[in-house]
Amino acid sequence: MQKFEKIGAFGLTEPEVGSGAAGGLTVTCKKTEEGWILNGQKKWIGNATFADLVIIWARDLDSGEVKGFIVEKDNPGYSVEKIKGKMALRIVQNGLITLKDCLVAEENRLQNANSFKDTGKVLRMTRAGVAWMATGCARGAYESALAYTRTREQFGKPIASFQMIQGHLVEMLSNLTAMQTMVFRLSEMQDEGILKDEHASLAKVFCTLRTRDIVSRAREVMGGNGILLEYDVARFVADAEAIYSYEGTKEINSLIVGRSITGFSAFI
Ligand SMILES: Cc1cc2nc3c(=O)[nH]c(=O)nc-3n(C[C@H](O)[C@H](O)[C@H](O)COP(=O)(O)OP(=O)(O)OC[C@H]3O[C@@H](n4cnc5c(N)ncnc54)[C@H](O)[C@@H]3O)c2cc1C
């Protein structure tokens, strides 16, 4: 996978279990003499339609703990359906995976993943990545909007020369600068090996919230053209919605940060 010779996917979310994955996974695994039997469904899994392998997170029927499995695409009992009708991140294919008495060998079980805490280690890294993704989306929207306002004329002048348009641009740049600074520090902490769950969650919440605000202002200063795909900003507006909700919603990541700063878990 590191060499891009194989494409992988991460299968945690289920049709009925999203935010509550920590305690609520319904996909099961059961140890038998031949290996592990997996049953259930996973929803929203990015790349799943063409991935060579998918990491499936399942609850052990015997111990109750969450375990991870490498499931290969031609594994009997494994099938994927493409999720249609997405209005955001259309470049990414998301799949609905069905596991029906899917037999997986013991050597395909992730040997160091023995509870949801180990799944959480992956989420810490991917949430940091999503904070960066939001920053890129916001920057794209800001740059497109700035370029547009400098050339678009109304009342005989570039709209960038109007005070209220400049107000929007400055708000966008302020938030963007804060986001860039935050994700840069996040990566430094990753390199130093001191990144914790709450740091990644804080950045994910902040950057995706600010991105929503930035793309909305970018769309606004472009008037009607802001909703046309040819100007890019409309695509950023749509993508910001998906980025805002995946890898843990604002609420779930806020609860992670809230638990860390107060010492009280408000998860129910
Ligand atoms: C484009 C896209 C790509 C994705 N890719 C993947 C992937 O590759 N692999 C994967 O495993 N998953 C993937 N997901 C799933 C994603 O992680 C979930 O959508 C996300 O965790 C939210 O779960 P949900 O959609 O079931 O919403 P729900 O959990 O049903 O939440 C609905 C609303 O209720 C709120 N809520 C839930 N619980 C609480 C609470 N305790 N307190 C307050 N509010 C609460 C949520 O914040 C949200 O606003 C993807 C999703 C999308 C949209």
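Values reported hereafter were calculated over all heavy atoms of this structure, with side chains retained and with hydrogens, waters and symmetry mates removed. Start at 1 and go down the list; that is how both ligands and their atoms are numbered. For clarity, every value in this text was computed on a predicted model and none was experimentally measured.
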(message) I'd like to know if atom 29 (O) of ligand 1 has any protein heavy atom within a distance of less than 4.0 Å.
(response) yes

(request) Tell me which protein heavy atom sits closest to atom 42 (N) of ligand 1, plus the residue, atom name and distance to 0.1 Å. (result) L255 CD1, 4.1 Å

(message) Contact between N112 and D118 at the side-chain level, heavy atoms closer than 4.5 Å - yes or no?
(response) no

(request) Kindly confirm or rule out an N or O of S19 lying under 3.5 angstrom from an N or O of ligand 1. (result) yes

(request) Please say whether G46 places an N or O atom under 3.5 Å from an N or O atom belonging to ligand 1. (result) yes

(request) Considering only non-hydrogen protein atoms, determine which one is nearest to atom 21 (O) of ligand 1 and report residue, atom name and distance to 0.1 Å. (result) G248 N, 4.0 Å

(request) Enumerate the atoms of ligand 1 whose separation from the nearest heavy atom of I45 is less than 4.0 angstrom. (result) 7 (C), 8 (O), 9 (N), 10 (C), 11 (O)

(request) Considering only non-hydrogen protein atoms, determine which one is nearest to atom 14 (N) of ligand 1 and report residue, atom name and distance to 0.1 Å. (result) W44 CB, 3.4 Å

(request) Please report the shortest heavy-atom distance between G11 and I45, naming the atom on each side. (result) CA-CD1, 3.6 Å

(message) So Y148 and Y231, do their side chains get closer than 4.5 Å, heavy atoms only?
(response) yes

(message) Is there a side-chain contact between K6 and M1 in this structure, where contact means two heavy atoms from C-beta onward sitting under 4.5 Å apart?
(response) yes

(message) Within the 4.5 Å heavy-atom criterion, are Y78 and L99 side-chain neighbours or not?
(response) yes

(request) Within a distance under 4.0 Å of any heavy atom of G18, pick out the atoms of ligand 1 and give their elements. (result) 23 (O), 24 (P), 26 (O), 29 (O)

(message) Do V80 and Q93 have side chains that approach each other closer than 4.5 Å (heavy atoms only, starting at C-beta)?
(response) no

(request) Taking only heavy atoms of S245 into account, list the atoms of ligand 1 that are under 4.0 Å away from them. (result) 20 (C), 22 (C)

(request) Determine whether R109 and V104 make a side-chain contact, defined as any pair of heavy atoms from C-beta on separated by less than 4.5 Å. (result) no

(message) Does the protein come close to atom 6 (C) of ligand 1 - that is, does one of its heavy atoms sit below 4.0 Å from that atom?
(response) yes

(request) Report yes if K43 has an N/O atom closer than 3.5 Å to an N/O atom of ligand 1; otherwise report no. (result) no

(request) For E251, take its heavy atoms, then give the atoms of ligand 1 lying under 4.0 Å from any of them. (result) 43 (C), 44 (N), 46 (C), 47 (O), 49 (O)

(request) Taking the side chain as every heavy atom from C-beta outward, state whether M179 and I214 have any atom pair closer than 4.5 Å. (result) yes

(message) Students should be able to answer this: which protein heavy-atom is nearest to atom 9 (N) of ligand 1, and at what distance?
(response) F10 O, 2.7 Å

(message) Between R185 and E192, does any NZ, NE, NH1 or NH2 come within less than 4.0 Å of an OD or OE carboxylate oxygen?
(response) yes

(request) Could you check atom 39 (C) of ligand 1 against the protein and tell me its nearest heavy-atom contact, residue, atom and distance included? (result) I252 CD1, 4.1 Å

(message) Donor-acceptor pair, distance only, cut-off 3.5 Å: does the side chain of R219 make one with the backbone of G223?
(response) yes

(request) May I ask you to check if ligand 1 and A242 share an N or O to N or O distance below 3.5 Å? (result) no

(request) Record the part of N94 in heavy-atom contact with ligand 1 below 4.0 Å; permitted values are side chain, backbone, both and neither. (result) side chain

(message) Give me the residue, atom name and distance of the protein heavy atom closest to atom 15 (C) of ligand 1.
(response) T13 OG1, 3.2 Å

(message) Within the protein, is there a heavy atom lying under 4.0 Å from atom 34 (O) of ligand 1?
(response) no

(message) For the CG atom on D191, are there more than 12 heavy atoms of other groups (residues, nucleotides or ligands in this structure) within a distance under 6.0 Å?
(response) yes

(message) Please classify the T249 to ligand 1 contact at 4.0 Å (heavy-atom distances, strictly less than): side chain, backbone, both or neither.
(response) side chain

(request) Pick out which of V27, T98, V71 makes a side chain to side chain contact (heavy atoms under 4.5 Å, CB included) with K42. (result) V27

(message) Do F116 and L12 have side chains that approach each other closer than 4.5 Å (heavy atoms only, starting at C-beta)?
(response) yes

(message) Give me the residue, atom name and distance of the protein heavy atom closest to atom 2 (C) of ligand 1.
(response) Y246 CD2, 3.4 Å

(message) Using a 4.0 Å heavy-atom cut-off, which part of E247 comes near ligand 1: side chain, backbone, both, or neither?
(response) backbone

(message) For A48, which part has a heavy atom under 4.0 Å from ligand 1: side chain, backbone, both, or neither?
(response) neither

